[in-house]
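Taking it in order: structure first as structure tokens, then the write-up.
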There are 2 protein chains.
Amino acid sequence: MTTLLPIAAETGACCAPLVRAPLGADDAVTLATQLKALADPARLRLLSLVAAHDGGEACVCDLIEPLGLSQPTVSHHLKVLVDAGLLTREKRGVWAYFTLVPQALDSIARVLTTV
Amino acid sequence: MTTLLPIAAETGACCAPLVRAPLGADDAVTLATQLKALADPARLRLLSLVAAHDGGEACVCDLIEPLGLSQPTVSHHLKVLVDAGLLTREKRGVWAYFTLVPQALDSIARVLTTV
DNA sequence: TGTCAATATCGACAGCAGTCAATGTCCGAG
DNA sequence: CTCGGACATTGACTGCTGTCGATATTGACA
């Protein structure tokens, strides 16, 4: 679960749009790993909450209450999102601030686009 | 697993872009359900294979060999994709032909886009 | 240094998901 | 009507995932 994605998956698009070129087995695994990180209601809301928060960043304590989950569970989901390259984590003092990784969601969206 | 998505999920977008408006709990579940259907290497390749096949449609027998999975497993994955509103199934004679649902992938991509 | 608060990690548990072999169902050919 | 082939369904097994309580870690502050 702590497995990091290949560099390409974190920095840019993993592959051409699905419907344009046949998806290779390796690319399929990479893309599926990124989508698995997204395919959870709690994690989707975390991304949305972080994006909506002041300054585009939020700490764990900001996210526990609106999500209605325990602190360990929220930390777990945040870790999954960080490992997937969708969020960055910056520790400042006792707090950990999370921010969206620019373009990360867009590069996934681009692979799904059919137009 | 046979649970169908709400009508809105099959016909159009489930919600506004993630980073534009806070994602409600219900929308999060709906969107996560769609993404779960995508978050599997075999299913991603199935979508790609169907799109690349002649006429944009393919039967199960066309998909078993390139995927390297058993026939029941391929049928299972296709069912998941149909239930998620990503593929349509049309039975012609003994064969079942699968086609991409227009705009289905795009509406998911749109929710993920941040621009 | 000792305490408190914010996070992370660990351990355990229940539920779900992917896979296959075996079997059932349905349709066309003969 | 029977047979064979294409596909779906069932049942079973394994491994993964979301969740929480308990505990460890880390840094600010008195």
Side-chain angles (χ1 to χ4, degrees), chain A residues 1-5 25 28-29 31-47 49-50 53 57-84 86-99, chain B residues 1-5 25 28-29 31-47 49-50 53 57-84 86-99:
Chain A
M1 182 179 300
T2 310
T3 315
L4 291 174
L5 291 168
V29 171
L31 181 55
T33 304
Q34 296 178 279
L35 289 169
K36 269 186 218 294
L38 283 176
D40 182 276
R43 291 198 286 270
L44 289 171
R45 297 189 68 197
L46 280 173
L47 291 175
L49 285 167
V50 168
H53 210 262
E57 65 176 14
C59 63
V60 181
C61 56
D62 294 323
L63 304 167
I64 294 175
E65 186 269 340
L67 226 59
L69 295 174
S70 71
Q71 175 266 316
T73 301
V74 173
S75 277
H76 163 69
H77 285 307
L78 288 168
K79 178 174 174 45
V80 172
L81 290 170
V82 169
D83 288 347
L86 296 168
L87 285 182
T88 55
R89 190 189 103 130
E90 184 193 357
K91 196 87 182 266
R92 285 206 301 272
V94 176
W95 293 272
Y97 291 92
F98 293 85
T99 316
Chain B
M1 183 177 300
T2 310
T3 315
L4 289 175
L5 292 167
V29 171
L31 182 54
T33 303
Q34 296 178 280
L35 288 169
K36 269 187 219 292
L38 283 177
D40 182 276
R43 291 197 285 270
L44 289 171
R45 298 189 67 197
L46 280 174
L47 291 175
L49 285 168
V50 168
H53 210 262
E57 66 177 13
C59 63
V60 180
C61 56
D62 294 323
L63 304 168
I64 293 175
E65 186 269 340
L67 227 60
L69 294 174
S70 71
Q71 175 266 316
T73 301
V74 173
S75 277
H76 163 68
H77 285 306
L78 288 168
K79 177 172 174 49
V80 172
L81 290 169
V82 169
D83 288 347
L86 297 168
L87 287 182
T88 55
R89 190 188 104 129
E90 183 193 358
K91 196 89 182 264
R92 285 208 300 272
V94 176
W95 293 273
Y97 291 92
F98 293 85
T99 315

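Because the structure is a prediction, the values reported are computed rather than measured. A, B, ... follow the sequence lines: proteins, then strands. Residue 1 opens every chain.
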Worksheet item: Can you tell me if B/R89 uses its side chain to pair, donor with acceptor, with the backbone of B/K79 under 3.5 Å?
Response: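 No.
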Worksheet entry | Main-chain N/O of A/V80 paired to A/D83 side chain as donor or acceptor, under 3.5 Å |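 No; judged by distance alone, with no hydrogens or angles, the pair does not exist.
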Please determine if a side-chain N or O atom of [X] lies less than 4.0 Å away from the OP1 or OP2 oxygen of [N].
X     : N      : result
A/H77 : D/dT19 : yes
A/H76 : D/dG18 : yes
B/T73 : C/dG18 : no
B/R43 : C/dG18 : yes
B/S70 : C/dC20 : yes
B/S75 : D/dC7  : no
B/R89 : D/dA8  : yes

What integer distance in Å separates [X]:[atom1] from [N]:[atom2]?
X     : N      : atom1 : atom2 : result
A/R92 : C/dT7  : CZ    : C1'   : 15 Å
A/L67 : D/dG18 : CG    : C1'   : 12 Å
B/I64 : C/dC20 : CD1   : C1'   : 13 Å
B/F98 : D/dA6  : CZ    : P     : 15 Å
A/D83 : C/dA8  : CG    : C1'   : 13 Å
A/K79 : D/dT19 : NZ    : C1'   : 17 Å
B/L78 : D/dA6  : CG    : C1'   : 13 Å
A/K36 : D/dG15 : NZ    : P     : 16 Å

Worksheet item: Which residue, A/G93 or A/G68, contacts DNA chain D at a nucleotide closer to its 5' end, judged by nearest heavy atom?
Response: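 The 5'-side residue here is A/G68.
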Discussion item. Return the NZ to CG distance between B/K36 and A/L38, rounded to the nearest 0.5 Å.
Written reply: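 The distance works out to 11.0 Å.
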Ignoring the backbone of [X], work out which of [options] is nearest its side chain.
X     : options               : value
A/C59 : D/dC20, C/dT7, D/dA8  : C/dT7
A/V60 : C/dA6, C/dA8, D/dC7   : C/dA8
B/P72 : D/dT19, C/dA21, D/dC7 : C/dA21

Item to complete: Kindly say whether, by distance alone, the side chain of A/Q71 makes a donor-acceptor pair under 3.5 Å with the base of C/dA6?
Response: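 Result: no qualifying N/O pair found.
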Item to complete: List the steps and the verdict of side-chain contact (heavy atoms from CB on, under 4.5 Å) for B/L81 and B/V50.
Response: CA-CA 12 Å; B/L81 290 169; B/V50 168; over 6 Å; no
Result block: side-chain N/O donor-acceptor pairs under 3.5 angstrom for residues 63-72 of chain A, not counting sequence neighbours:
residue	atom	partner	partner atom	Å
A/S70	OG	A/T73	N	3.4
A/S70	OG	A/T73	OG1	2.9
A/Q71	NE2	A/S75	OG	3.3

